[in-house]
**Student:** 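Would you mind keeping the following structure in view while I ask a few things?
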Amino acid sequence: MIEPITLRLTGFAETHQTQTYIHLPFDVPDGVARIDVRYEYTDGIGSDPHLTDGNTVDIGIFDPRGIVFMGGGFRGWSGSARSSFFIAQEGATPGYLAGPIQPGKWHICLGLYKIAPQGCEYQVEVRLTPQDRNGHGSFPELLPVRSTPGRIRSDGWYCGELHCHTFHSDGDSDPLEVVRRAESLGLDFLAITDHNVLSHLARLNTIETSLVLIPGFEVTTYKGHWNVWGDHGWIDFRIESEAQMAQAVSRASRRGYVVSCNHPRPYGPEWVYTNVDAFDCIEVWNGPWALMNNVSLEFWESRLRAGKRYTAVGGSDCHFHNREHHAHLAQPTVWLYCEGEPTAPKLLDALRAGHVMISESPSGARLRLNADRAMMGDTLSRPEDGKLVVTTHVLGGTGATLELHTANGCVFQQAIENDDACVETTVDVSATPYVRAQLVDSTSMLALTNPIYIR
């Protein structure tokens, strides 16, 4: 048995280190059952990108398996949302993985998100507590991509949320609360995507629900955020260069993740490394439409015009379920088309295939786009005369305007006069790689489809 040990790790960060990471090593002897960490720094300000002239320092921890980029030693992260955390064999602060406290060299990781011109003094206190019984503990089992089916909808369209948060990162709720809220909204599937962590997946794996739960997390870097959906292990967020971003995105794709570039708009934050584009999806609709989602839509459509193909997705990015906030769960809502019983693997396949529509809420207006035997996400050969008959089914759209868009812009508009409308029109596709539909009113987007691609 060892006596409790308290360590203090101090230092000074300069402004040129902004948006880099430093690692502070400390030794853990055999017999430690719990690690407690507390930190503070000077001139602290919030993480909101609008806030400047102060310091924001994020924190996490790596165990003796190492700190090499894309390595295996990651044990947790809280960004700047918490000033303290603990890890023990049988429990941990949300955002951190309980399990073995291996002897060897551990590292505190500090993310220097904002460093003011005057610099930043920091101090990290680490307390090592011995165990009072034998045992090495084990890591919790994380939510897998289950093949258990959810409820079947007769039309094959399933609605859900792909981007939201809990107190395992910077939200205010337990994952159970979010699951129950999703159930009350009538959703079919749910992905909770806390920032950089895996601990919410351990909690989700213990929850009984009729929802199809899709594992995932948000890789939150200082140069852009991206979601990964699947169960293929942790992806490193400590990215300081375009080469590292490309490596991380590529690694996620090779492992089998569905990868989405999130909210590429000012204060989203925007996607800085625009040459890195090996993702499957682009989040064109994040929270209320008015929050500069038109910029994200153009980010996506400019790539469509260049002949690239990315599934357009949306997500509420909801963090707060227990207080008033502009972001509400499932606003917007993603709809996926899936034949037969809906399972997590099949819904992820639908996401990859682009069989996706986005509406402003679970009860909002909906669109279905078809041409010949193709639906949104599918590919058709270009007709010899360049004319394609397109059918758009509009549900709940009375008073709104249906628009069809190609690489040449908006090529068709029609006012919708009832809540179950079927609009057929001929579109010139002789000089466009796609056609897509959206439903708008005078102020906002109400629904949009993925394209039908033209080969």
**Student:** Please determine if R323 forms a cation-pi arrangement with F320, meaning its NZ or CZ atom is less than 6.0 Å from the six-membered ring centre and no more than 45° off the ring axis.
**Tutor:** yes

**Student:** Determine yes or no for a side-chain-to-main-chain donor-acceptor pair under 3.5 angstrom, with H168 supplying the side chain and H165 the backbone.
**Tutor:**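 Absent.
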
**Student:** Got a donor-acceptor contact below 3.5 angstrom from the R368 side chain to the H393 backbone?
**Tutor:** no

**Student:** For H225 and H195, take the angle between the two ring planes, folded into 0 to 90°, and tell me which bin it lands in: parallel under 30, tilted 30 to 60, perpendicular over 60.
**Tutor:**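 If you compare the ring of H225 with that of H195, the planes turn out perpendicular.
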
**Student:** Are the ring centres of F74 and Y96 closer than 6.0 Å?
**Tutor:**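 No, the ring of F74 stays outside the 6.0 Å limit from the ring of Y96, centre to centre.
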
**Student:** If you draw the axis of the six-membered ring of F62, does the NZ or CZ of R75 fall within 45° of it and under 6.0 Å from the ring centre?
**Tutor:**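 Checked: cation-pi criterion not met.
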
**Student:** Where do S359 and W335 come nearest, in terms of heavy atoms and distance?
**Tutor:** OG-NE1, 2.9 Å

**Student:** Would you check if the side chain of H200 reaches a backbone N or O of I192 as a donor-acceptor pair within less than 3.5 Å?
**Tutor:**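 Pair found, side chain donor or acceptor close to backbone of I192.
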
**Student:** Under the side chain to side chain donor-acceptor pair (under 3.5 Å) rule, what do H319 and H321 come out as? Steps first, then yes or no, please.
**Tutor:** CA-CA 7 Å; H319 286 68; H321 306 269; over 6 Å; no

**Student:** Quick one: does Q244's side chain have a donor or acceptor within less than 3.5 Å of a partner on E240's backbone?
**Tutor:** yes

**Student:** Ignoring hydrogens and angles, tell me if any N or O in the side chain of R366 forms a donor-acceptor pair with the backbone of G397 under 3.5 Å.
**Tutor:**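 No, because the side chain of R366 does not come within donor-acceptor range (under 3.5 Å) of the backbone of G397.
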
**Student:** Under 4.0 Å between a side-chain nitrogen and a carboxylate oxygen: does that hold for E301 and K308?
**Tutor:** no

**Student:** Using modelled atom types only, decide if a donor and an acceptor are shared between the side chain of T56 and the backbone of I45 within a distance under 3.5 Å.
**Tutor:**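 Indeed, once roles are kept as given, a pair shorter than 3.5 Å links the two residues.
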
**Student:** Of all heavy-atom pairs between T311 and R352, which one has the smallest distance, and what is that distance?
**Tutor:** OG1-O, 3.7 Å

**Student:** How far does SG of C261 sit from CD of E270, to the nearest 0.5 angstrom?
**Tutor:** 10.5 Å

**Student:** Would you say T432's side chain and A407's backbone share a donor-acceptor pair under 3.5 angstrom?
**Tutor:**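 Judged by distance alone, yes, a pair lies under 3.5 Å.
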
**Student:** So, do W229 and F217 have ring centers that fall under 6.0 Å from each other?
**Tutor:**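 No, the ring centres sit 6.0 Å or more apart.
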
**Student:** Please report whether the ring centroid of Y222 lies less than 6.0 Å from that of Y113.
**Tutor:**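 Yes - the distance between ring centres of Y113 and Y222 falls below the 6.0 Å cut-off.
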
**Student:** If you measure from the Lys or Arg side-chain nitrogens to the Asp or Glu carboxylate oxygens, is any gap between K346 and E341 under 4.0 Å?
**Tutor:** no

**Student:** Any salt bridge between D385 and K387, counting N to O under 4.0 Å?
**Tutor:**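 No.
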
**Student:** For a side chain to side chain donor-acceptor pair (under 3.5 Å) check, start with the C-alpha distance between N450 and Y310, then their side-chain angles and the critical distance, and finish with the verdict.
**Tutor:** CA-CA 9 Å; N450 269 271; Y310 300 104; over 6 Å; no

**Student:** For I452 and V390, run side-chain contact (heavy atoms from CB on, under 4.5 Å): C-alpha distance rounded to whole Å, both residues' side-chain angles, the deciding distance at 0.1 Å, then the answer.
**Tutor:** CA-CA 10 Å; I452 292 174; V390 174; 5.6 Å; no

